[in-house]
Number of protein chains: 2
Amino acid sequence: MNSRMKQSDTILKDSALSITSSRRKILDIFLSSESALAHQDIETKCSDQYDRVTIYRTLQTFLEKGIIHNIPTTDNSIKYALCSDSCITTGHHHDNHVHFRCDACEKTLCLDDVSIPSVKLPSGYSINEINMVVTGVCKSCRK
Amino acid sequence: MNSRMKQSDTILKDSALSITSSRRKILDIFLSSESALAHQDIETKCSDQYDRVTIYRTLQTFLEKGIIHNIPTTDNSIKYALCSDSCITTGHHHDNHVHFRCDACEKTLCLDDVSIPSVKLPSGYSINEINMVVTGVCKSCRK
DNA sequence: GTTGGTGCAAAAATTTTGCAGGGTG
DNA sequence: CACCCTGCAAAATTTTTGCACCAAC
């Protein structure tokens, strides 16, 4: 990969996606955001530059390619976040880190350094994926 | 509480809610379901006996009273499940059990016996609530 | 009888789908 | 130049809100 390439372009190339203006923009938004984003957030950050439908389709594409993952929420909003590098390259997606939702700033963060503790299920259950979402007050709001 | 009372009536009384036909019905549906239910599921099980709007409002009321809790999902459907007894009486809601979503039958179960392992967050974060959702194949589908 | 819950109607918001035109490789 | 992506239009679905009537206590 050409290291002078934009990071977003590299990611798109690696995922065998054609490089288009909207994909680049949306990817850049994720790259520069430290928190998970809802469809709505992306629309706002695009300053309505792109059609709502395009955003739906782009997020769908990114999900399928494993570029982003979605985070479970208890409200009905789906949040998306960039996958870590390892996650992108493996193709098959496994989030093994904890997600944190701050009740104060309402942001959802990926705590990449906090791995999900193992859990023992009753016999008969096979585990595919584990999600853990912690709510509380984040470091920034605590200050 | 009169022990000959319907269980649903007892729950409603304890939550200081007036007993109405729809509330009773919806509560009975939860009481007799072993898996978490989406709004849509409830509508179906009501055989369209009640207005869609009533179901929205009833679920909202139950949530506020702590009779049911909602379970995080990665799709946009919100799932609801009955709270355990302790949960109802305390008022303030804490789910400390794991939820399991089966990829085969697509049901979401409360694994009441599996408590969520503790997790250590970086300093500066305070924890309010923890949700853990495991996906895989459940006991019944495994057979 | 008063209060609060339900049903109906309608609006608002979200998500999906089809198709023609335009950009990417 | 062939194919895929985007934008626009429209439909379908989900959720919210207002109001008059009816049931619960």
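These numbers were taken from a predicted model, which means no experiment stands behind them. Hydrogens, waters and symmetry mates are skipped; everything else that's a heavy atom, side chains included, is used.
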Taking atom C1' of D/dT6 as reference, at what distance in whole Å does atom CG of A/Asp48 sit? 16 Å

Interatomic distance, B/Leu12 CG vs D/dC25 P [rounded to whole Å]: 9 Å

For the pair made of CD1 in A/Ile42 and C1' in C/dT15, what is the distance, rounded to whole Å? 15 Å

Measure from the side-chain heavy atoms of B/Tyr50 and tell me the nearest of D/dT14, D/dA24, C/dG7. C/dG7

Can a side chain N or O of B/Ser22 be found less than 4.0 Å away from OP1 or OP2 on C/dG5? no

So A/Arg23, base contact, sugar-phosphate only, or nothing? Heavy-atom distance under 4.0 Å. sugar-phosphate

Any donor-acceptor pair under 3.5 Å linking the side chain of B/Arg142 with the backbone of B/Val137? no

Do any side-chain nitrogens or oxygens of B/Thr20 fall under 4.0 Å of OP1 or OP2 in C/dT6? yes

Nucleotide nearest A/Val53 (side chain, heavy atoms from C-beta), chosen from C/dT14, C/dG7, D/dA9: D/dA9

Side chains of B/Leu109 and B/Cys102 in contact at under 4.5 Å (non-hydrogen atoms): no

Could you tell me how far apart A/Asp51 (CG) and C/dG22 (P) are, to the nearest whole angstrom? 16 Å

Tell me whether the side-chain N or O atoms of B/Arg57 pair up with the base of C/dG4 as donor and acceptor below 3.5 Å, since no angle test is needed here. no

Is there a side-chain contact between B/Val119 and A/Ile116 (heavy atoms, below 4.5 Å)? no

When you check the phosphate oxygens OP1 and OP2 of D/dC4, does a side-chain N or O of A/Ser18 lie under 4.0 Å from one of them? no

From B/Ile71 CD1 over to B/Tyr80 OH, what is the distance, rounded to the nearest 0.5 angstrom? 11.0 Å

Give the rounded distance in Å between these two atoms: OH of B/Tyr56 and P of C/dC8. 16 Å

Between D/dG7 atom P and A/Ile55 atom CD1, what is the distance in whole Å? 9 Å

Listed nucleotide nearest any side-chain atom of B/Arg52, set D/dT14, D/dC25, C/dT6: D/dT14

4.5 Å side-chain heavy-atom contact, B/Phe62 and B/Leu27: yes

Could you check how far NZ of B/Lys65 sits from P of C/dG4, rounded to whole Å? 11 Å

In terms of the nearest nucleotide of DNA chain C, which residue is placed more toward the 5' end: B/Thr58 or A/Gln40? B/Thr58

Grab the CG-P distance between A/Leu17 and D/dC3 for me, whole Å please. 18 Å

So which nucleotide from C/dG25, D/dT6, D/dG18 ends up closest to the side chain of A/Ile19? C/dG25

With a 4.0 Å cut-off on heavy atoms, is B/Thr61 in touch with a base, just the backbone sugar-phosphate, or nothing at all? nothing

